[in-house]
Amino acid sequence: MCKVIYTKDDGSLNFTSISDFKWCVDKGGEIDFIWDGKEYGISHSRGRIIAYLWGQPDTTQYFATADDVLNYMVGSDRLRDVITQVTVLDRTI
């Protein structure tokens with residue numbers, strides 16, 4: 001299976017809706033984004049979805065579904081509330 005890798009950072013990779021984000025995560029997408037000046041990542045391992053603050057392994061949290069990861073706190077905000085406002089740096093599907 002071939003994955004498409006996006007590496008542009010011109011803002012065109014941003015999510016347009018929660019459904020857009022969930023589709024990406026459900027398809028195994030890996031995401032690198034900035035919110036409130038901090039860089040976060042979402043990836044997959046052993047059938048789980050992982051969300052974390054870059055460079056701080058103690059912030060890693062594991063989730064079963066894309067809906068679950070939307071409850072991950074990015075700073076003081078729930079990801080669900082800001083996913084269409086984050087700046088996506090890299091995105092794979």
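As a basis for the values below, the full set of heavy atoms in this structure was taken, side chains included, without hydrogen atoms, waters or symmetry mates.
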| query | If you round to the nearest 0.5 Å, how far is NZ of Lys38 from CZ of Phe33? | reply | 12.5 Å
| field | Taking every non-hydrogen atom, the tightest pair across Ala66 and Ile49 | value | N-CD1, 3.5 Å
| task | Please answer whether the main-chain N or O of Thr16 pairs with a side-chain N or O of Asp20 as donor and acceptor at a distance below 3.5 Å. | result | yes
| message | Show, in sequence, the C-alpha distance, side-chain angles and deciding distance for Arg80 and Asp67, and conclude whether the side chain to side chain contact (heavy atoms under 4.5 Å, CB included) test is met. | response | CA-CA 9 Å; Arg80 173 181 308 281; Asp67 272 323; 4.0 Å; yes
| query | Side-chain contact, heavy-atom cut-off 4.5 Å: Asp36 with Val74? | reply | no
| Going from CD1 on Ile31 to CG on Leu13, what distance comes out if it is rounded to the nearest 0.5 angstrom? | 10.5 Å
| query | Is it true that a side-chain atom of Ser43 and a backbone atom of Glu30 form a donor plus acceptor pair closer than 3.5 Å? | reply | no
| query | Should Arg91 and Asp32 count as an ion pair when the cut-off is N to O under 4.0 Å? | reply | no
| Which atoms form the tightest heavy-atom contact between Leu79 and Val69, and what is the distance? | CD2-O, 3.7 Å
| remark: Interatomic distance, CZ@Phe15 vs CD1@Ile83, rounded to 0.5 Å, equals 5.0 Å
| query | When rounded to the nearest 0.5 angstrom, what is the spacing between OG1 in Thr65 and NZ in Lys22? | reply | 8.0 Å
| remark: In short, Val88 meets Asn14 closest at the heavy-atom pair N-OD1, 2.8 Å
| query | After noting the C-alpha distance and the side-chain angles of Leu89 and Glu39, does the key distance pass the side chain to side chain contact (heavy atoms under 4.5 Å, CB included) rule? | reply | CA-CA 9 Å; Leu89 301 175; Glu39 190 171 350; 3.8 Å; yes
| Atom OH of Tyr40 and atom CH2 of Trp35: how far apart are they, to the nearest 0.5 Å? | 10.0 Å
| Going hydrophobic residue to hydrophobic residue with side-chain gaps under 4.5 angstrom, can you get from Met73 over to Tyr52? | no
| Separation of Tyr62 OH from Asp68 CG (nearest 0.5 Å) | 15.5 Å
| task | Under the side chain to side chain contact (heavy atoms under 4.5 Å, CB included) rule, what do Val25 and His44 come out as? Steps first, then yes or no, please. | result | CA-CA 9 Å; Val25 171; His44 295 76; 3.9 Å; yes
| request: Take Gln61 and Tyr72 through the side chain to side chain contact (heavy atoms under 4.5 Å, CB included) test and state the conclusion after the steps. | output: CA-CA 8 Å; Gln61 294 183 29; Tyr72 179 68; 3.8 Å; yes
| For the hydrophobic clusters of this structure (ILVMFWY residues joined by side-chain heavy atoms under 4.5 Å, transitively), does one cluster hold both Val86 and Trp54? | no
| said: I need the minimum non-hydrogen distance between Cys24 and Thr92, along with the two atoms involved. | reply: SG-O, 3.6 Å
